[in-house]
Amino acid sequence: MAFYRYRQLLERRDGVEFDDLHPAGTIAPLSGVYVCDACGTSVTALNGRSLPGPAHHRHEDGAPIAWRLAVCSHHK
């Protein structure tokens with residue numbers, strides 16, 4: 001889960017970029033905070049760089065890591 005303190009520093013947006021799931025180790029399409037859809041672990045990633053791979057963390061139930069964009073740091 002991602003956290004914030006100052007609401008005025010964030011702006012709500014609706015967009016499909018927040019709906020897509022990205023498998024572990026794939027390239028981040030946007031810079032920002034990504035959350036594992038299975039367990040809520042959060043990471044930061046830069047556009048064009050790899051999201052953490054399958055060895056980043058494990059789920060007790062064996063569910064695969066799937067990253068979802070939670071907070072986009074910049075979007076044109």
Side-chain angles (χ1 to χ4, degrees):
M1 180 169 294
F3 302 97
Y4 69 93
R5 180 173 183 172
Y6 301 106
R7 182 176 291 180
Q8 69 273 19
L9 298 177
L10 298 175
E11 179 181 317
R12 176 158 168 64
R13 293 269 174 111
D14 290 319
V16 295
E17 63 271 19
F18 297 102
D19 297 332
D20 296 333
L21 290 177
H22 307 281
T26 58
I27 302 298
L30 297 166
S31 295
V33 177
Y34 287 77
V35 174
C36 178
D37 203 53
C39 69
T41 296
S42 62
V43 297
T44 57
L46 296 174
N47 171 283
R49 302 269 178 104
S50 294
L51 289 161
H56 182 264
H57 66 279
R58 304 257 187 247
H59 300 127
E60 287 185 25
D61 63 0
I65 297 172
W67 299 110
R68 180 187 305 273
L69 182 65
V71 179
C72 183
S73 64
H74 186 265
H75 191 275
K76 292 183 181 184

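Any value given below was found using the heavy atoms of this structure, including those in side chains, with hydrogens, waters and symmetry copies removed.
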Return the minimal non-hydrogen interatomic distance between V71 and L69, and the atom names on each side. O-CD1, 3.6 Å
Pick one: which of R13, R7, Q8 meets side-chain hydrogen bond (donor to acceptor under 3.5 Å, both in side chains) with E11? R13
Spell out, as yes or no, whether a donor-acceptor pair under 3.5 Å connects the side chain of T41 to the backbone of C36. no
Is there side-chain contact between E17 and C72, with at least one heavy-atom pair below 4.5 Å? no
If you group Ile, Leu, Val, Met, Phe, Trp and Tyr by side-chain heavy-atom gaps below 4.5 Å, do L30 and F18 land in one group? yes
Heavy-atom closest contact (P54 atom, A24 atom, distance): N-CB, 3.5 Å
Evaluate the side-chain proximity of P52 to Y34: yes if any heavy-atom separation is below 4.5 Å, no if none is. no
State whether the side chain of R68 and the backbone N or O of D19 hold a donor-acceptor pair below 3.5 Å, judged by distance alone. yes
For residues L51 and W67, report the shortest heavy-atom separation together with the two atoms involved. CB-CD1, 3.7 Å
Linked, directly or transitively: V33 and F3 (ILVMFWY side chains, under 4.5 Å): no
Side-chain contact, heavy-atom cut-off 4.5 Å: I65 with P23? no
Worked verdict on T26 versus S50 for side chain to side chain contact (heavy atoms under 4.5 Å, CB included): CA-CA 5 Å; T26 58; S50 294; over 6 Å; no
With a sphere of 6.0 Å drawn around CD of E60, does it hold more than 12 non-hydrogen atoms of other residues, nucleotides or ligands? no
Looking at V35, is its backbone amide N or carbonyl O close enough to the side chain of S42 to form a donor-acceptor pair, meaning the two atoms are under 3.5 Å apart? no
